[in-house]
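Down below is the structure, laid out as structure tokens.
Naming convention: chains lettered A, B, ... in sequence-line order (proteins, then strands); numbering from 1 in each chain.
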Amino acid sequence: MQKIRISELGNFVGQEVTLQGWLFNKRSSGKIKFIILRDGSGYLQCVYFKGNLVPEVFDLADKIGQESSIEVTGKVKEEPRAPGGYELDATNLKIISEAHDYPITPKEHGIEFLLDNRHLWLRSSKQVAILKIRHRIVKAIRDFFDDRGFTLMDPPILTPNAVEGTSTLFETPYFDLGNAYLTQSGQLYAEAGAMALGKVYTFGPTFRAEKSKTRRHLTEFWMVEPEVAFNDLNDNMDLAEEFLEYIVQTVLKENANELKVLERDTTKLQNVKRPFPRVHYDEAVEILRKNGIDFKWGNDLGGSDETIVSEQYDRPVMVHHYPAEVKAFYMKRDPEDPKYALAVDVLAPEGYGEIIGGSQREDNLDFLLERIKEHNLPQSAFEWYLDLRRFGSVPHSGFGLGLERTVSWICGLDHLREAIPFPRMIYRNTP
RNA sequence: UCCGCGAUAGCUCAAUGGUGGAGCAUUCGGCUGUUAACCGAAGGGUUGCAGGUUCGAGUCCUGCUCGCGGAGCCA
């Protein structure tokens, strides 16, 4: 038997085919029964007329509950009323495995219940659409860098020390070497890679043990981090905006159906085209004060501050030249005015906040040594990192993009937990 | 960690301090074009846990547990 998926039905109009999948929903009206088949590639209404079938097949439809696995056979028919454009004039029905009392019914459910049943919730149409868009974004990310001469380089996940010192890390015993920590960023390793390969990117899971309890935080999330030798802050911003434009436009082109399922208003995504506005930190402060915020120069932008700044524009906005005090030790200070770091955050529109954080890195050995001292970091742990400045140091820049925040923004979700198949949050690590 | 809100049927929610209900799901019956189908019927409850106030507590009070939203921190 040839295996056919619902997404391929257009090639089989008028032919008898067999499909395998799960019972999404069913309706009956006496002598006619409608079975909605779901196979991961789409949805198909299968029509069972009593007059066309042997009684055993017609009665079989009564036995099966939602999410039973089934095999249907019938003739493919074009049907303008059907969401997918096709319908099946069914001639046979086989039960592969019966399901009864499936917990997630077609009515509303609370978030706690859905998260407890995340392994089943993934079968819902919106979750399937999100998973497909997440996949497209991952593919777009890899295509973007692969097509531009970058090499993918995987950093370690178990690391001996904190990259930025400030965040809390997950700790785990590591044989005779004391404790190891789950990585919160592959960046320092990416810098080593950039000195070897010129242009690299890392892409993998990262971990933050901070007790953040908001819609913008997970304890385990995915991050992509490009790092480029000889790029300065402006090159870095050029790369970031081209990158985001590519991701968003690719999803718009390839996932129109999924965005429709999610009822995403795409007009604001259409705007995501270069150039993005570039706003100096001082300008951002001015914008906040004009909007009645009593903002103290030198502070980092909070979530609501970010929203106010991004609302001034119709596309992502890049805020650069943050006060060095609030930024990480490895960021290069502006030679013109060292109270600023050559840092950039990209804020997504519609209140989605920071999706990219990046900077030009400190490439001067002496300055970097000073920073390590100022931040009370153990120099010995960074000797390898300092070697990158001892042996052929060059200006270089990079940034990190949070995958789930990007998925959440593009899909129009109200919480990061739906942007990853099995979210890990402060009060939940199951299923 | 802090602030706020909540926990009642499998699920989503009602119930003035006075006999705990509805919709969906489930089971049974009806319907030849339904699309969160519809119509009729049935079963389904230690009201999160522990104490207290009261003639009487789902409802008021105290503590605990769990969850949700937000802040800080960050992608």
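At a threshold of 4.0 angstrom between heavy atoms, the contacts of Leu416(A) include nucleobase atoms, whether or not backbone atoms are also involved. Arg216(A) comes within 4.0 angstrom of a nucleotide base, judged by non-hydrogen atoms across all strands. Within 4.0 Å (heavy atoms only), Lys50(A) reaches no atom of the nucleic acid at all. His109(A) comes within contact range of the sugar-phosphate backbone alone, with a heavy-atom separation under 4.0 Å but no base atom that close. No contact: Asp345(A) has no heavy atom under 4.0 Å from any strand.
Spacing of C1' atoms, U27(B) relative to G44(B), comes out at 11 Å, to the nearest Å. Only the C1' atoms considered, G23(B) is 34 Å distant from C64(B), to the nearest whole Å. With both ends at atom P, the span from U59(B) to C49(B) equals 11 Å, rounded to whole Å. Spacing between C13(B) and G69(B) at atom P, rounded to whole Å, works out to 13 Å. Between U12(B) and G67(B), the distance separating the two P atoms is 15 Å to the nearest Å. Rounded to the nearest Å, the gap between the C1' atom of A57(B) and that of A75(B) is 49 Å. The gap from the C1' atom of A9(B) to that of C2(B) amounts to 36 Å, rounded to the nearest Å. Look at the C1' atom in both G51(B) and U65(B): the space between them is 15 Å, to the nearest Å.
Separating the CZ atom of Arg208(A) from the P atom of G72(B) is a distance of 17 Å, rounded to the nearest angstrom. Atom CD1 in Ile426(A) sits about 14 Å away from atom P in A71(B), given to the nearest Å. Rounded to whole Å, the distance from CG on Leu120(A) to P on A25(B) is 18 Å. Regarding Lys63(A), its NZ atom lies at a distance of 12 Å from the P atom of U27(B), rounded to whole Å. Distance, Glu354(A) CD to G72(B) P: 13 Å, rounded to whole Å. The separation between Asn299(A) atom CG and C74(B) atom P is 11 Å, rounded to whole Å. One interatomic measurement links the two molecules: NZ of Lys213(A) to P of C73(B), which rounds to 18 Å at whole-angstrom precision. Following rounding to the nearest Å, Tyr322(A) (OH) and A75(B) (C1') show an atom-to-atom distance of 13 Å.
Both geometric conditions, a ring-centre gap below 5.5 Å and a plane tilt below 30°, are not fulfilled together for Tyr427(A) over the base of G67(B).
In summary, Glu254(A) and Lys139(A) do not engage in a salt bridge, as defined by a charged side-chain N under 4.0 Å from a carboxylate O. Remark: Arg136(A) does not engage Glu258(A) in a salt bridge, criterion side-chain N to carboxylate O under 4.0 Å. Ion pairing between a basic and an acidic side chain is recognised when a charged N comes within 4.0 Å of a carboxylate O; Arg278(A) and Asp238(A) show such pairing. A salt bridge between Glu350(A) and Arg264(A) is present, with a side-chain N of the basic residue lying under 4.0 Å from a carboxylate O of the acidic one.
Among the nucleotides C11(B), C68(B), C73(B), the one closest to any side-chain atom of His217(A) is C73(B).
Ring centroids of Tyr201(A) and Phe243(A) are separated by 6.0 Å or more, keeping the two rings apart. Taking the six-membered ring wherever Trp is involved, the centroid distance between the rings of Tyr281(A) and Trp297(A) falls below 6.0 Å. For Tyr43(A) and Phe24(A), the gap between ring centers is short of 6.0 Å.
For Arg428(A) and C66(B), a side-chain-to-base donor-acceptor distance below 3.5 Å is absent, hydrogens and geometry of angles not being considered. At a cut-off of 3.5 angstrom, counting only N and O atoms as typed in the model, there is a donor on one side and an acceptor on the other between the side-chain of Ser212(A) and the base of C73(B).
For the residue pair His321(A) / Asp282(A), no side-chain donor-acceptor distance below 3.5 Å is found, with atom types taken as modelled. With no hydrogens or angles considered, no side-chain donor-acceptor pair links Thr183(A) and Thr206(A) at under 3.5 Å. A donor and an acceptor atom, one from each side chain of Tyr330(A) and Glu191(A), are nowhere located under 3.5 Å apart.
Taken from CD1 in Ile308(A) to CG in Asn291(A), the straight-line distance is 5.5 Å, to the nearest 0.5 Å.
Between Glu112(A) and Gly402(A), the one whose closest nucleotide on RNA chain B sits nearer the 5' end is Glu112(A). Both Lys327(A) and Asp414(A) sit near RNA chain B, but only Asp414(A) has its closest nucleotide nearer the 5' end.
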Quiz item: Pairs counted as Watson-Crick or G-U wobble with both distances under 3.5 Å: what dot-bracket string results for RNA chain B, using | for bases tied to another strand?
Solution: (((((((..((((....[..)))).(((((.......))))).....(((((..]....))))))))))))....

Any protein N or O atoms within reach of nucleotides 32-34 of chain B? Criterion: under 3.5 Å, listing atom names and distances.
from: U32(B); atom 1: OP2; to: Lys31(A); atom 2: N; distance (Å): 3.4
from: G33(B); atom 1: N1; to: Glu87(A); atom 2: OE1; distance (Å): 3.2
from: G33(B); atom 1: N2; to: Glu87(A); atom 2: OE1; distance (Å): 3.2
from: G33(B); atom 1: N2; to: Glu87(A); atom 2: OE2; distance (Å): 2.4
from: U34(B); atom 1: O2'; to: Arg27(A); atom 2: NE; distance (Å): 3.3
from: U34(B); atom 1: O2; to: Arg27(A); atom 2: NE; distance (Å): 2.8
from: U34(B); atom 1: O2; to: Gln45(A); atom 2: OE1; distance (Å): 3.3
from: U34(B); atom 1: N3; to: Gln45(A); atom 2: OE1; distance (Å): 3.1
from: U34(B); atom 1: N3; to: Gln45(A); atom 2: NE2; distance (Å): 2.7
from: U34(B); atom 1: O4; to: Gln45(A); atom 2: NE2; distance (Å): 2.7

For residues 416-423 of chain A, dump all side-chain donor-acceptor pairs below 3.5 Å to protein atoms at least two apart in sequence or in another chain.
from: Glu418(A); atom 1: OE1; to: Gln127(A); atom 2: NE2; distance (Å): 2.8

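Between His415(A) and G69(B) there is a side-chain polar atom (N or O) within less than 4.0 angstrom of OP1 or OP2.
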